[in-house]
Amino acid sequence: MDLNNAIAGRRSVRDYTSQGVGEDVIQNLIDSAVHAPSAVNQQPWTFTVVRDQNVLERISKDAKSHMLATMPVGGHSNHFASRLGDPNFHIFYHAPILILISASAQGPWIVEDCALAAENLMLAAYAIGLGSCWIGFAQSFLNTSAGKNMLGLPDDWVPIAPIIVGHPKGMPIPLVPAQSRAT
Ligand SMILES: Cc1cc2nc3c(=O)[nH]c(=O)nc-3n(C[C@H](O)[C@H](O)[C@H](O)COP(=O)(O)O)c2cc1C
């Protein structure tokens, strides 16, 4: 797929079929992710692939409680609270896999590095007909000891980009971007 078409066509997908994603496909997505630039070429990223729906269900439940307990007042909190308080809301939308990008090294730019890897991964997924969505709702819980324990992550890793991936039930229509500020 042409890169401009991938950039323009990718959307966050929140509705998936139950079809799994093969190991070779996941490996290709990770290969695309690790071509991202990184500060001082540190490449601090690690990739944790979670397919176990019971684990995703437990993380979803605990991440919702954690967000509700720790979320600052104001901003989007009222909207978030009504979603997070809904017992039927699954933060991973029952996607078949979660690919969590974490930093396994410290440094001032690990968040930028992992976010760039995440964007590569999401564009690569779209280019082969898969859907994806960054799940920020999972982030603060995954950064707790309990969250890291659930995935067997070392204490000093920093979970940054939880990306769900799967076969979309339908692709959302392209977003009309905010007005370009390029001069
Ligand atoms: C850092 C970050 C966190 C996000 N967290 C969530 C989330 O928890 N749940 C969700 O459904 N979408 C989440 N999204 C997806 C955004 O809502 C989405 O990217 C935005 O609405 C623009 O839509 P598009 O991705 O289809 O262009 C997140 C996106 C980013 C970049």
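Side chains are part of it too, since the values below use all heavy atoms of this structure and drop only hydrogens, waters and symmetry mates. In listed order, ligands and their atoms are each counted from 1.
Shortest contact from atom 22 (C) of ligand 1 to any protein heavy atom: L175 CD2, 4.3 Å. For atom 3 (C) of ligand 1, the closest non-hydrogen atom on the protein side is W134 CD1, 3.3 Å. Of the protein's non-hydrogen atoms, the one nearest atom 5 (N) of ligand 1 is G136 N, 2.8 Å. Protein heavy atom nearest atom 27 (O) of ligand 1, with residue, atom name and distance: R10 NH2, 3.1 Å.
Interface of S12 with ligand 1, defined as ligand atoms under 4.0 Å from a residue heavy atom, comprises 15 (C), 18 (C), 19 (O), 24 (P), 25 (O), 26 (O). Remark: ligand 1 atoms within the under-4.0 Å shell around heavy atoms of F137 are 8 (O).
One option in Y93, F89, F80 has a heavy atom closer to atom 9 (N) of ligand 1 than any other, and that option is Y93. Atom 16 (C) of ligand 1 has its nearest heavy-atom neighbour, among R11, Q139, R14, in R14.
Nearest approach of I101 to A117, heavy atoms of both residues: CD1-C, 4.1 Å. When all heavy atoms of A63 and I91 are compared, the closest pair comes out as CB-CD1, 3.8 Å.
Considering backbone and side-chain N/O of I135, none are found under 3.5 Å from N/O of ligand 1. For the pair C133 and ligand 1, the shortest N or O to N or O distance does not fall below 3.5 Å.
A centroid separation of 6.0 Å or more is found between the aromatic rings of F92 and F137.
The number of heavy-atom neighbours closer than 6.0 Å to CG of D52, taken from other residues, nucleotides and ligands shown, is above 12.
By the 6.0 Å and 45° rule, R10 does not stack over the aromatic ring of Y126.
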Practice item. Take W134 and I164 through the test side-chain contact (heavy atoms from CB on, under 4.5 Å) and record every step on the way to the result. Key: CA-CA 6 Å; W134 182 314; I164 51 171; over 6 Å; no

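Criterion: ILVMFWY side-chain heavy atoms under 4.5 Å apart, direct or through other members. Under it, V111 and W109 are not part of a common hydrophobic cluster.
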